[in-house]
Trainee: 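Here it is: the structure, laid out below.
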Amino acid sequence: MFFNSLLTNFAALEVGQHLYWQIGNIRLHGQVFLTSWILLGALLVFISLGTKKMGNDPKGLQNLLEFLWDYIRDLARTQIGEKVYRDWMPFIGTLFLFVFVSNWGGALIPWRLIKLPSGELGAPTADINTTIALALLVSLSYFYAGLSNKGWRYFEYYVHPTPIMLPFKILEDFTKPLSLSFRLFGNILADELVVGVLVFLVPLILPIPVMFLGLFTSAIQALIFATLAAYYIGEAVEEHH
Amino acid sequence: MLAFNFFGATEGGLFDINATLPLMAIQVVALTYILNSLFFKPVGNVVEKREKFVSNNIIEAKNKLSEVKKLEADLLTQLQSARTEAQRIVSEAENESDKLYKEALELANNEANASKEKARLEIESQTSAARDQLSKQADDLSELIVNRLILEK
């Protein structure tokens, strides 16, 4: 089939190949952990540099970190509500920072220059394991938030406003993590593929606008993921009257 | 573990789900705690301390402003009362001086009238005295004339 031969021709892209680490009986995607450790290490270094000398008059990096903090607080507060947003702000902020750093790190750093025995380095969020892990954490979080805030009354949400909603609400518990994980995975992988194919075909100039588009998409996806996570938690803790 | 060939890859594929998933979840949870203690708590403390400081200063400034306004109003009423007091004193003084003037005028008038009356009375008495003397002299003279006439006869 033409399509298949086209795809095998893109072997240079190494789609769906992984650097396997075998630890006892379990197998891991090494490239995901390598890039995530590098990017998270950079993030932590950046944050510890910025928070080292904090004063009442913000200087240098502190300004940026405070802006980031304020941005995350606004996001959490508008979606979750004044009452419990404080408890969930670190989680929402971590999701945002993790997804954002992963997406931008994957798009900005020329990982392709580093040769691996198998697979290639890239955005950790372009691996389905990472996005499903994040989405399942969000699911656990909103269940936990609802149950810890309202106890068994949390399940009133399923029959609100009428019991007819029950099957749809139950279905939602499955579609939420599914849509969260596949949206992020699909967007980032598609961006990497498009850039990869364009670089493979026309290595000059042409990929640059697509790369910018990719940066835009990456930022938007981070925002969407964090906002939706906060919205789901807010929905779970919301009081119905 | 779910694993199937995709895009002709020899192993794994795009939807190769394995232990990467739970380990990544644990990593993200750990990252949440690390970022909470490294980033969210310290930055939050600084920002919220500053927000408190600013709002406290605003409240303090508002209190001071209201105090100033109250003092201003107080002073204004004091000024007003001082003005009316001054006006009262001025009009009182004017009345007093008017009264004094009238009294003095009356006194002077009375005195003048009294001395006029006295002078009139004196003139009258002197006139009557002169008249008496004149009539006495006339009597004397007439007696003299009578006597002389009698003697000649």
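Chain letters run A, B, ... following the sequence lines, proteins first, then strands; residues in each count from 1. What you see is a predicted model; the values in this text were computed from it and never measured.
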Trainee: Step by step, work out the side chain to side chain contact (heavy atoms under 4.5 Å, CB included) result for A:M54 and B:N45.
Mentor: CA-CA 10 Å; A:M54 285 200 295; B:N45 283 342; over 6 Å; no

Trainee: Can you establish whether the number of heavy atoms outside B:Q87 located under 6.0 Å from its atom CD is more than 12?
Mentor: no

Trainee: Please identify, among A:L65, A:L189, A:L97, the residue contributing the most non-hydrogen atom pairs under 4.5 Å to chain B.
Mentor: A:L65

Trainee: Taking every non-hydrogen pair under 4.5 Å, which of B:I34, B:V29, B:V47, B:I26 racks up the most with chain A?
Mentor: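 Winner by heavy-atom pair count: B:V47.
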
Trainee: Which heavy atom of B:A25 sits nearest to which heavy atom of A:A133, and what is that distance?
Mentor: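 The answer is N-CB, 3.7 Å.
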
Trainee: So what's closer than 4.5 Å to chain B heavy atoms on A:I72: side chain, backbone, both or neither?
Mentor: side chain

Trainee: Would you say A:R86 and B:F40 make side-chain contact, with heavy atoms under 4.5 Å?
Mentor: no

Trainee: Picking from B:L38, B:N36, B:L31, which has the most non-hydrogen pairs under 4.5 angstrom with chain A?
Mentor: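 That would be B:L31.
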
Trainee: Can you tell whether the side chains of B:K49 and A:E66 come within less than 4.0 Å, N to carboxylate O?
Mentor: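 Salt bridge flag = no for A:E66 with B:K49.
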
Trainee: Would you indicate whether the side-chain heavy atoms of B:D16 and A:Y20 approach each other to under 4.5 Å?
Mentor: yes

Trainee: Which of residues 134-142 of chain A get closer than 4.5 angstrom to chain B, counting heavy atoms alone?
Mentor: A:L134, A:L136, A:L137

Trainee: Under the criterion side chain to side chain contact (heavy atoms under 4.5 Å, CB included), I'd like the reasoning laid out for B:T32 against A:F98: C-alpha separation, chi angles, the key distance, then a yes or no.
Mentor: CA-CA 9 Å; B:T32 305; A:F98 181 83; over 6 Å; no

Trainee: Which region of B:L35, side chain (C-beta onward) or backbone (N, CA, C, O), has a non-hydrogen atom less than 4.5 Å from a non-hydrogen atom of chain A, or is it both or neither?
Mentor: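 Contact with chain A: side chain only.
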
Trainee: Backbone N or O of A:R27 within a donor-acceptor pair of the B:N18 side chain at under 3.5 Å?
Mentor: yes

Trainee: Any ring-ring contact (aromatic ring centres under 6.0 Å, His included) pairs touching residues 38-92 of chain A, not counting sequence neighbours?
Mentor: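 The answer is A:Y71-A:F96.
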
Trainee: I need the B:F39 CZ to A:L68 CG distance, nearest 0.5 Å.
Mentor: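 Rounded to the nearest 0.5 Å, the CZ-CG separation comes out at 4.5 Å.
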
Trainee: In Å and rounded to the nearest 0.5 Å, what is the CZ to CG distance from B:F53 to A:N56?
Mentor: 6.5 Å

Trainee: Could you check whether any side-chain heavy atom of A:Q62 comes within less than 4.5 Å of a side-chain heavy atom of B:V46, counting everything from C-beta outward?
Mentor: yes

Trainee: Taking every non-hydrogen pair under 4.5 Å, which of A:D127, A:T130, A:I26, A:L43 racks up the most with chain B?
Mentor: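 Maximum pair count with chain B is reached by A:T130.
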
Trainee: Given side chains that start at C-beta, do those of A:I128 and B:L14 come closer than 4.5 Å, heavy atoms only?
Mentor: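 Contact flag for A:I128/B:L14 side chains = no.
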
Trainee: If you count heavy atoms of other groups shown closer than 6.0 angstrom to OH of A:Y231, is the number above 12?
Mentor: no

Trainee: For a side-chain contact (heavy atoms from CB on, under 4.5 Å) with B:M24, tell me which candidate from A:V32, A:T131, A:I132, A:N129 qualifies.
Mentor: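 Single pass found, and it is A:V32.
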
Trainee: Can you tell if the side chain of A:P58 reaches within under 4.5 Å of the side chain of B:R50, non-hydrogen atoms only?
Mentor: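 A:P58 vs B:R50: side chains touch.
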
